[in-house]
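Some notes on the structure that comes next.
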Amino acid sequence: MPATMKAVVFHGPKDMRVDMVPVPPCSDAELRVKVDACAVCGSDMKTFHHGNPRIVPPKVMGHEFTGLIETVGREVKGFSVGQRVVMATSVSCGECFYCRRGWNNICSKLAPMGFTYNGGMAEYVTIPAQALKVGHVIKVPTHVKCEHAALSEPLSCAVNSLENCNIQPGQFVVVSGGGPMGIMNAVIAREMGAG
């Protein structure tokens with residue numbers, strides 16, 4: 001294991017750099033992942049241009065990542081070296097009003113990767129113990145390409161939005177905007193039977 005790695009680090013608005021930083025440690029309750037794909041989210045672009053009050057620089061960016069497990073902490077069960085994983089982009093507390101009702105996506109103490117924790121725009125990322133505790137780490141089937149796995153979170157947003165629309169086969173759907181999220185929404189609408 002090298003001592004340092006390359007990482008995309010946010011230092012402030014219009015100041016994002018590829019820095020050499022220490023490889024993150026991995027406690028007995030964590031996983032360390034060798035990242036092989038990380039998508040650039042619209043929030044990353046906004047952070048670059050305007051900053052983000054939730055990010056205290058310097059911070060390794062990137063929350064839409066995938067990679068192969070490189071280290072499994074001694075207390076971690078159900079994961080093994082070499083498995084591909086993705087994770088929910090934000091780690092919930094598991095205890096607040098929302099989490100107790102199963103709405104961990106609106107946790108009152110949500111801690112995003114690349115905001116609160118160092119993210120996946122790096123050669124290695126450590127997945128926090130809390131993410132494992134609340135079930136935010138997902139194993140990816142071996143046939144899924146890394147660049148596809150990295151899109152799990154934005155794709156899940158498209159699936160969620162369209163499930164909330166209750167699309168019925170043959171219905172007409174209009175997607176406004178042809179960026180990555182618009183394209184994903186259109187593809188999922190088609191898969192749900194939209195005409």
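Rounded to the nearest 0.5 Å, atoms CD (E153) and OG (S90) are 7.5 Å apart. I188 CD1 to L162 CG: the interatomic distance, rounded to the nearest 0.5 Å, is 7.0 Å. Taking NZ from K46 and CG from N52, the interatomic distance works out to 10.0 Å, rounded to the nearest 0.5 Å. Put simply, CD on Q130 and OH on Y117 are 6.0 Å apart, with the number rounded to the nearest 0.5 Å. Distance check: C96 SG to W103 CH2 gives 10.5 Å after rounding to the nearest 0.5 Å. Considering CE of M192 and CG of N166, their distance stands at 9.0 Å, rounded to 0.5 Å.
Cluster membership for V40 and M61, using ILVMFWY side-chain heavy atoms within less than 4.5 angstrom, is shared. Under a hydrophobic clustering in which Ile, Leu, Val, Met, Phe, Trp and Tyr are joined whenever their side-chain heavy atoms come within less than 4.5 Å, directly or via other members, I55 and M16 fall into the same cluster. Under a hydrophobic clustering in which Ile, Leu, Val, Met, Phe, Trp and Tyr are joined whenever their side-chain heavy atoms come within less than 4.5 Å, directly or via other members, V173 and M184 fall into the same cluster. Residue M87 is grouped with residue V35 when hydrophobic side chains (ILVMFWY) are merged at heavy-atom distances under 4.5 angstrom, including chains of intermediate members. By the rule that hydrophobic residues join a cluster once side-chain heavy atoms approach within less than 4.5 Å of another member, M5 and V9 end up as members of one cluster.
Contact annotation: the side chain of T126 never approaches that of N118 to less than 4.5 Å [non-hydrogen atoms, C-beta and beyond]. V76 has its side chain within reach of L132: a pair of non-hydrogen atoms, C-beta onward, lies under 4.5 Å apart. Proximity of T116 to V91: side-chain heavy atoms (C-beta onward) are nowhere separated by under 4.5 Å. Residues V86 and S152 have side chains in contact (heavy-atom distance under 4.5 Å, counting atoms from C-beta outward). Taking the side chain as every heavy atom from C-beta outward, H49 and K14 approach each other to under 4.5 Å. Between T142 and Q83 the shortest side-chain heavy-atom distance does not fall below 4.5 Å. P13 has its side chain out of reach of H50: every pair of non-hydrogen atoms, C-beta onward, lies at least 4.5 Å apart. Within the 4.5 Å cutoff, no side-chain heavy atoms of L31 are placed close to those of T71.
Here the closest non-hydrogen pair linking A149 and V140 is CB-CG1, 4.1 Å. When all heavy atoms of V21 and A7 are compared, the pair lying nearest together is CG2-CB, 3.8 Å. In plain terms, the two heavy atoms of A189 and I167 that are nearest each other are CB-CD1, 4.1 Å. Shortest non-hydrogen contact noted between D44 and A39 is OD2-O, 4.0 Å. Nearest approach of C26 to R32, heavy atoms of both residues: SG-N, 3.6 Å. The two atoms that bring K59 and G114 nearest to each other are CG-O, 3.5 Å, heavy atoms only.
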Exercise for the section: With side-chain contact (heavy atoms from CB on, under 4.5 Å) as the test, would you mind laying out the steps for F10 and R17 before giving the verdict? Expected result: CA-CA 7 Å; F10 173 73; R17 308 173 210 158; over 6 Å; no
Exercise for the section: Please report the C-alpha distance between K6 and E123 in whole Å, then the side-chain angles of each, then the deciding distance to 0.1 Å, and finally whether the salt bridge (Lys or Arg N to Asp or Glu O under 4.0 Å) criterion is met. Expected result: CA-CA 6 Å; K6 290 181 184 176; E123 294 179 76; over 6 Å; no
Practice task
Go through the steps to decide whether D36 and L68 satisfy the test side-chain contact (heavy atoms from CB on, under 4.5 Å), and finish with yes or no.
Solution key: CA-CA 8 Å; D36 57 8; L68 304 175; 4.3 Å; yes
Problem - Check against side-chain contact (heavy atoms from CB on, under 4.5 Å), V81 and V72 - result: CA-CA 7 Å; V81 171; V72 178; 4.2 Å; yes
Problem - Check against side-chain contact (heavy atoms from CB on, under 4.5 Å), M121 and V18 - result: CA-CA 9 Å; M121 286 187 186; V18 177; over 6 Å; no
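Side chains of R84 and T66: a donor on one and an acceptor on the other come within 3.5 Å. Of the N and O atoms on the side chains of E30 and S27, at least one donor lies less than 3.5 Å from an acceptor on the other residue. There is a side-chain donor-acceptor pair under 3.5 Å between H136 and S92.
Ring geometry for H63 versus F115: interplanar angle over 60°, hence perpendicular rather than tilted (30 to 60°).
Taking the ring axis of F79 as reference, the NZ or CZ atom of K139 stays within 45° of it and closer than 6.0 Å to the ring centre. For the pair R101 and F97, the cation sits on the ring face: its NZ or CZ lies under 6.0 Å from the ring centre, inside 45° of the axis. Judged by a 6.0 Å distance limit and a 45° cone about the ring axis, K34 is positioned over the six-membered ring of Y124.
Looking at D15, its side chain never comes within 3.5 Å of a backbone N or O of H11 through a donor-acceptor pair. At least one donor-acceptor pair closer than 3.5 Å links the side chain of N164 to the backbone N or O of N160.
The other residues sharing a hydrophobic cluster with I183 are V187, where clustering joins ILVMFWY side chains under 4.5 Å apart.
Under a cut-off of 6.0 angstrom, the local environment of CE in M1 is crowded, with over 12 non-hydrogen atoms contributed by other residues, nucleotides or ligands. Other residues, nucleotides and ligands contribute at most 12 non-hydrogen atoms within 6.0 Å of the CZ atom of R74.
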